[in-house]
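For reference, the structure is listed below as structure tokens.
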Amino acid sequence: MTLKPPKDIATMAELRQQIDQIDRKLIALLATRQSHVDRAAELKPGEGMVARIETRVSEVLDRVAQSAQEAGFDPDLARGMWSQMIEAMIAREERVIGTGEE
């Protein structure tokens, strides 16, 4: 099913169907992102990196906020959502490679 612009949707049933389709696509993209983070947890130790790299976290959050702004999405909401996701992904990496603290 191809997504219609919201203004072209006449019923709540059709709107909900499209929202559900968008959710499935978002989950698929997030699963792909998670697999990349899992690979990062394999590569970082060999490159002398720890799971949490604050400069990288800041760069990603700034980039996400800018992209959100450009796309017409609330940049503060995007930053908050990504911040939560990043923290969960860092915790995932730390379970594999540790925190880097002794």
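We find the CD-CG distance between Q17 and L15 to be 10.0 Å, quoted to the nearest 0.5 Å. To the nearest 0.5 Å, atoms CD1 (I53) and CD (E59) are separated by 9.5 Å. Distance check, rounded to the nearest 0.5 Å: CD of E14 to CD1 of I19 gives 11.0 Å. Atoms CD and CE, from E93 and M49 in turn, are 10.5 Å apart once rounded to the nearest 0.5 Å.
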Going by atom type alone, with no hydrogens or angles, which donor-acceptor pairs under 3.5 Å involve a side-chain atom of residues 36-43 and a protein atom two or more places apart or on another chain?
from : atom 1 : to  : atom 2 : distance (Å)
H36  : ND1    : T32 : O      : 2.8
D38  : OD1    : R92 : NE     : 2.6
D38  : OD2    : R92 : NH2    : 3.1
R39  : NH1    : E42 : OE1    : 2.8

Which donor-acceptor pairs under 3.5 Å do the side chains of residues 77-87 make with protein atoms, sequence neighbours left out?
from : atom 1 : to  : atom 2 : distance (Å)
R79  : NH1    : D62 : OD1    : 3.3
R79  : NH2    : D62 : OD1    : 2.9
E87  : OE1    : R52 : NH2    : 2.5
E87  : OE2    : R52 : NH1    : 3.1

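Two residues are said to be in side-chain contact when any heavy atoms from C-beta on lie closer than 4.5 Å; V50 and K44 fail this criterion. The side-chain heavy atoms of L3 and I22, taken from C-beta on, include a pair separated by under 4.5 Å. A heavy-atom distance below 4.5 Å is not found between the side chains of L30 and Q34.
Considering every non-hydrogen atom in both D76 and D74, the closest pair reads N-OD1, 2.8 Å. Counting all heavy atoms, side chain and backbone alike, A51 lies closest to G98 at CB-O, 4.1 Å.
Side chain to side chain, E70 and Q66 meet the donor-acceptor criterion of an N or O pair below 3.5 Å.
At distances below 3.5 Å, not a single donor-acceptor pair connects side-chain atoms of K4 with backbone N or O atoms of I9.
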